[in-house]
Amino acid sequence: MSWTWFHKLASPPHAYRILGSLAPWFGWASLALILLATWWGLVKAPADYQQGDGFRILYVHAPSAWMSMFTYVVMAVAAGVGLVWRIKLAHAAAAACAPIGASFTFLALATGSIWGKPMWGTWWVWDARLTSELLLLFLYLGYMALRASFDDPQRADRASAVLALVGVINVPIIHYSVNWWSTLHQPASVTKFDKPSIDLAMLIPLFLMIIGFQLYFGWAVSRRLRGEILRRERNANWLKEAA
Amino acid sequence: MTPRQKRMVTVVAIVAGVGIATTFALNAFNQNLLYYYSPTQVHAGEAPASRAIRVGGLVENGSLARKPGSMEVTFILTDYAQKVPVSYTGVLPDLFREGQGVIARGRMDGNRFVAEEVLAKHDENYMPPEVADSLKPHLDAANSAGRRST
Amino acid sequence: MDLKEFFEMGGYAGYVWTSYGLTALILLWNWWAARRSEAEAQTAARRRNELALERSS
């Protein structure tokens, strides 16, 4: 099997150009979708039969929680590809994911805490779901700290990639924690092999917000990855034209 | 094997190894990961009597009683198999109501569970009030079936 | 629509608006940080190019 196409796509000048032309599309589309979903979720969607208007926190909490896990999987896959194929661009992509993922994880924890206070009656409990999501934040922070501790980028890439791969086990644990153990957090409403447990009028803005966040991630990762590429390709000739 | 295939095997081995090790570890500590005991577990003596525990279940319909002139409430926690009577003094969370899931932390005092803290557990269903009204009988049945299986 | 009622969020105003405000803050931070990360790398690369040109001339 020939991998030339793969290596060509992963060539830094090629990726730098493609990301540069993709980013504005991601950016504007995400801005439009997030604004639409915010209006829809805050104004148009009906209040919940149990939680009233308090349930509207769902529209920022669930998408950020979803993105915290999605970003980690992207980061771990990129790290794995970087290890196996020795592709610097893949390692750079993993490095670009980490701060974005960490910020989404923090947001999921913070909005969850704010939501938990009035509804559950507590800001925080050490149940399996909340604890494993907190562990995810530490995995992101540990990954970034590990990268920063090496002077040699190649060694930083390899060591942090192993950490990213080891930590990926936490993602299914977060997702299934609410089914495997008794937790204060309720089971999944949407990501299950069944009809969603959310009324359609409430589900539409949630989907819009998730797609909006996803595009936003695409924008942020493109920008950061372009920065990573420039930093790594210090002496390459193609830079003379690109910069 | 080419070096690339060797690296591929290494990566797969790392992920699989960590996965298997974690599975064993989580199985071994399964009891500690449970956030609360069900009334059935309490009746079967699975919950330790010496230290504070959490009991989770549904507030039985019609069981909630407030002592006049005080913050004390009593209610019955049920998992449709067993019941635990609970007494609690303090502020209840917004979602606390009959028929809803709650988790109480405290200890057994004879047959009565004296709670120091009561948290409301909400389910994964979101809907407007009109839809909830039209679904009421169906939803109650679905909820009770779901609780019994867990 | 009643604007006052909207901002009150059925009594959950503090919780709902704090959540949305925090989300806006984090998204803005990400936007700023990603932009800065790219721009800094671009400036550094440009400077290296200029230095290389000076040296070669």
Side-chain angles (χ1 to χ4, degrees), chain A residues 19-20 23 27 30-31 34 38 41-43 47-48 51-61 63-64 96 99-100 103-104 106-107 110-119 209 213 216-217 219-236 239-243, chain C:
Chain A
L19 291 169
S30 79
L31 182 68
I34 289 173
T38 305
L42 283 175
V43 181
D48 181 57
Q51 305 190 29
D53 288 317
F55 105 99
R56 297 180 197 280
I57 297 174
L58 171 80
Y59 297 120
V60 289
H61 173 70
S64 46
I100 309 170
S103 69
F104 279 128
F106 170 77
L107 191 58
T111 54
S113 182
I114 294 168
W115 197 3
K117 185 58 190 168
M119 297 307 165
M209 193 67 103
F213 270 44
Y216 177 83
F217 166 79
W219 177 86
V221 99
S222 302
R223 289 283 169 227
R224 280 185 180 275
L225 185 47
R226 271 163 66 90
E228 285 286 329
I229 292 172
L230 288 182
R231 269 187 284 271
R232 281 154 188 261
E233 298 285 307
R234 292 177 163 274
N235 302 313
L239 268 182
K240 301 212 167 80
E241 295 142 49
Chain C
M1 191 189 61
D2 187 353
L3 215 60
K4 187 165 169 285
E5 202 177 286
F6 170 68
F7 283 113
E8 275 169 5
M9 278 288 149
Y12 292 110
Y15 301 106
V16 173
W17 295 119
T18 313
S19 297
Y20 278 78
L22 200 61
T23 305
L25 219 64
I26 293 285
L27 293 186
L28 284 174
W29 174 82
N30 255 318
W31 176 77
W32 173 81
R35 272 248 101 120
R36 203 193 57 163
S37 161
E38 190 195 21
E40 271 179 0
Q42 281 168 338
T43 317
R46 220 168 280 136
R47 194 163 302 145
R48 275 199 305 276
N49 276 349
E50 284 163 11
L51 277 178
L53 276 179
E54 271 171 37
R55 231 174 279 136
S56 66
S57 62

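Convention: sequence-line order gives letters A, B, ...; per-chain numbering from 1.
A salt bridge links Lys4(C) with Glu8(C): at least one charged nitrogen is closer than 4.0 Å to a carboxylate oxygen.
Tyr12(C) places no side-chain N or O within 3.5 Å of a backbone atom of Arg56(A) that could act as its donor or acceptor partner. With hydrogens and angles disregarded, no donor-acceptor distance shorter than 3.5 Å links the side chain of Arg223(A) to the backbone of Arg35(C).
The choice from Ser103(A), Pro118(A), Gly52(A) that makes the most heavy-atom pairs within less than 4.5 Å of chain C is Pro118(A). Ranking Tyr59(A), Phe55(A), Phe104(A), Trp115(A) against chain C, the residue ahead of the rest is Tyr59(A), based on heavy-atom pairs under 4.5 Å. Between chain C and the residues Ala96(A), Ala23(A), Gly27(A), Gly54(A), the largest count of heavy-atom pairs under 4.5 Å involves Gly54(A). By number of non-hydrogen pairs under 4.5 angstrom with chain A, the leading residue of Gly14(C), Gly10(C), Ala44(C), Ser37(C) is Ser37(C). Ranked by heavy-atom pairs under 4.5 Å with chain A, the list Asn30(C), Ile26(C), Val16(C) is led by Asn30(C). Ranked by heavy-atom pairs shorter than 4.5 Å toward chain C, the options Val221(A), Ile34(A), Thr111(A) are led by Thr111(A).
Contact of Leu53(C) with chain A is not made at all, since no heavy-atom distance falls under 4.5 Å. Contacts between Trp31(C) and chain A at a heavy-atom distance below 4.5 Å involve backbone atoms as well as side-chain atoms. Neither the backbone nor the side chain of Glu228(A) comes within contact range of chain C, judged by heavy atoms closer than 4.5 Å. Residue Trp32(C): no heavy atom, backbone or side chain, is found under 4.5 Å from chain A. No part of Ala39(C) comes within reach of chain A, as not one of its non-hydrogen atoms sits under 4.5 angstrom from that chain.
A pairwise comparison of heavy atoms in Phe7(C) and Ala13(C) identifies O-CB, 3.3 Å as the closest pair.
With contacts defined as side-chain heavy-atom distances shorter than 4.5 Å, the pair Leu230(A)/Glu40(C) does not qualify. Proximity of Ile229(A) to Leu19(A): side-chain heavy atoms (C-beta onward) are separated by under 4.5 Å at one or more points.
Once rounded to the nearest 0.5 Å, the distance linking CD of Glu38(C) with OG1 of Thr43(C) reads 10.0 Å.
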**OP:** Check step by step if side-chain contact (heavy atoms from CB on, under 4.5 Å) holds for Tyr15(C) and Met9(C).
**Re:** CA-CA 9 Å; Tyr15(C) 301 106; Met9(C) 278 288 149; over 6 Å; no
